[in-house]
Asks: 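Just passing along the structure, written as structure tokens.
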Amino acid sequence: MTLDEFLASTETFSNAALPALTGAMSLEELEAARIAFLGDRSGQLKEIQQQLREISAADKPSAGKRFNEIKARLTAGHDARRAALATLVDSGPALDLTLPAREQWRGGKHPVTTVIDEIVGIFRELGFTVALGPESESEWYNFGALNFPADHPAMDLHDTFYLGEGALLRTHTSPVQVRTLQRHAPPIRILAPGTVFRRDPFDSSHAPAFAQLEGLAVDEGISFVDLKATLTLFARRFFGRGTRTRFRPSFFPFTEPSAEMDVECQLCGGRGCSACKGTGWMEIMGSGMVHPAVLESAGIDSERYTGWAFGMGPGRIAMQRYKLPDIRLLYDSDVRFLSQVAE
Ligand SMILES: [Zn+2]
């Protein structure tokens, strides 16, 4: 190798190595460049050093001098860049004072949570406490203990999410009533709010997972009068003092007699509108006297104790209160909508 060839080779090497070493954007990138260009084992500088051997004795001092200059320049460039990058890391993220400030906003309760909290508050004054239970239930707690006949349509595979081995996602919060009856002796006054699951289509008025809230009162001498008086009081507290209510006969496996409770339409005041289909009434809950078979299956003497229960959908009540046309608004988690109704 001639001296000119050697000088050209070192020039090419330097032109590639210097920008890589001095322009590295991170310590990792810099270390990779150091290994590639200056590394003791396979760095390109090592190859240049080996080329020195091929230079004639007369040219060796010039070539050696050139080699040492380049090595010193690259090493200095590497060391300076390493020091600069280390300082950057120590000073933390860059502070850009020209960035606009982040908008301040406060979280709020979901409208369904607001409704549940209000209902619980009203019943708490009447001596009711909140009871909770598992969302994954056994068939016995969800259906069997509640007097469902074995061929009841609600138990159909198409209507219930079965998890296998006798477990399913609860279709109502009624299992909490059974669990409470098993665990506590009367008098019992509980509210059971929670999420329930059904194989319903997700459309404007149905959702496969939704909130339910049930109530249960069991004691000696409880009659249908207590049911009507308590639920009417609740309706007047929740919807307004003059709110009219009515009870219509209905059927549930776990209550006898059973009744749907309506309140006068909140939108038209009972005159009739499209929301209430011209009837002037809105159905807000199912209710009834607890079936003696339900009390007995929980080990409670149905000759001595009686009780009443009700169940309602806080989501549907929220729809009426906030005049929502589509129940999916409650599940979309769209902040633009929720911020309008959050309290
Ligand atoms: Zn109406």
Side-chain angles (χ1 to χ4, degrees), residues 107-135 141 146 170 172-196 210-245 247 252 254-255 258-264 266 282-290 294-295 298 300 305-322 330 341-343:
K109 281 185 191 171
H110 190 277
V112 172
T113 306
T114 302
V115 165
I116 291 175
D117 285 353
E118 256 184 68
I119 296 171
V120 168
I122 292 169
F123 278 94
R124 184 179 289 130
E125 292 176 27
L126 302 171
F128 285 73
T129 53
V130 169
L132 301 174
E135 293 178 356
Y141 275 108
L146 290 159
R170 66 182 179 188
H172 45 192
T173 48
S174 310
V176 181
Q177 300 191 27
V178 181
R179 290 175 180 278
T180 305
L181 289 168
Q182 285 179 325
R183 208 173 302 147
H184 302 283
I188 289 168
R189 284 180 183 77
I190 57 150
L191 287 184
T195 306
V196 302
F210 56 96
Q212 194 177 53
L213 191 152
E214 293 189 352
L216 170 72
V218 177
D219 203 347
E220 285 184 75
I222 283 197
S223 73
F224 203 85
V225 173
D226 300 296
L227 180 159
K228 282 188 79 169
T230 309
L231 295 183
T232 302
L233 176 80
F234 157 73
R236 288 181 182 156
R237 285 286 306 279
F238 189 86
F239 291 104
R241 189 174 291 184
T243 302
R244 289 179 304 144
T245 58
F247 289 80
F252 305 107
F254 34 87
T255 48
S258 307
E260 303 276 0
M261 179 174 143
D262 300 339
V263 296
E264 65 183 11
Q266 298 300 295
M282 298 186 311
E283 179 190 319
I284 63 160
M285 68 170 95
S287 64
M289 298 303 291
V290 180
V294 173
L295 294 175
I300 289 188
Y305 295 104
T306 49
W308 57 266
F310 69 88
M312 58 181 142
R316 287 189 191 284
I317 293 178
M319 283 178 77
Q320 283 154 11
R321 165 177 284 188
Y322 301 109
L330 295 173
V341 295
E343 290 180 13

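Residue numbers start at 1 and run along the sequence shown. All values derive from a computational prediction rather than experimental measurement.
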Asks: Hey, is the main chain of Gly288 close enough, under 3.5 Å, to the side chain of Ser258 for a donor-acceptor pair?
Replies: no
Asks: Has Gln212 got a side-chain atom pairing as donor or acceptor with Thr173's backbone, closer than 3.5 angstrom?
Replies: yes
Asks: Strictly distance-based, threshold 3.5 Å: is any side-chain N or O of Thr180 a donor or acceptor partner for the main-chain N or O of Val176?
Replies: yes
Asks: Does Val196 offer a backbone N or O that forms a donor-acceptor pair with the side chain of His172 under 3.5 Å?
Replies: no
Asks: Between the side chain of Asp226 and the main-chain N/O of Ser223, is any donor-acceptor distance below 3.5 Å?
Replies: yes
Asks: Are Phe128 and Ile190 side-chain neighbours, meaning at least one heavy-atom pair lies under 4.5 Å?
Replies: no
Asks: Roughly how far, to the nearest 0.5 Å, is the CZ atom of Arg236 from the OG1 atom of Thr243?
Replies: 8.0 Å
Asks: Rounded at 0.5 Å granularity, tell me how far CZ in Arg124 sits from CG in Leu191.
Replies: 9.0 Å
Asks: Do the side chains of Ile222 and Val218 get nearer than 4.5 Å, heavy atoms only?
Replies: no
Asks: Can you label the angle between the Phe234 ring and the Phe239 ring as parallel, tilted or perpendicular, going by 30° and 60°?
Replies: perpendicular
Asks: Atom CG of Leu216 and atom CD1 of Ile188: how far apart are they, to the nearest 0.5 Å?
Replies: 6.0 Å
Asks: Using a 4.5 Å cut-off on heavy atoms from C-beta on, say whether the side chain of Met285 contacts that of Leu231.
Replies: yes
Asks: Would you check if Leu213 and Ile119 make a side-chain contact, meaning some heavy-atom pair closer than 4.5 Å?
Replies: yes
Asks: Starting from the C-alpha separation in whole Å, work towards a yes-or-no answer on side-chain contact (heavy atoms from CB on, under 4.5 Å) for Val263 and Met282.
Replies: CA-CA 5 Å; Val263 296; Met282 298 186 311; 3.8 Å; yes
Asks: As an exercise, state the distance from CZ of Phe238 to CD of Gln266, rounded to the nearest 0.5 Å.
Replies: 9.0 Å
Asks: Centroid-to-centroid, Phe123 to Phe310, below 6.0 Å?
Replies: yes
Asks: How many angstroms lie between atom OG1 of Thr230 and atom CZ of Arg189, to the nearest 0.5 angstrom?
Replies: 8.5 Å
Asks: Has Arg170 got its NZ or CZ under 6.0 Å from the middle of the six-membered ring of Tyr141, at an angle within 45 degrees of the ring axis?
Replies: no
Asks: Between Ser174 and Glu214, is there a side-chain donor-acceptor contact under 3.5 Å, judged purely by atom types and distance?
Replies: yes
Asks: Could you work out, with side-chain contact (heavy atoms from CB on, under 4.5 Å) as the rule, every residue matching Ala259, not counting sequence neighbours?
Replies: Phe224, Phe247, Ser287
Asks: So do Val112 and Ile317 actually touch side chain to side chain, heavy atoms under 4.5 Å?
Replies: no
Asks: Can you list every pair that meets ring-ring contact (aromatic ring centres under 6.0 Å, His included) and has a residue in residues 174-194, with sequence neighbours left out?
Replies: none
Asks: So, Glu118 and Arg237, do they make that salt bridge, N to O below 4.0 Å?
Replies: no
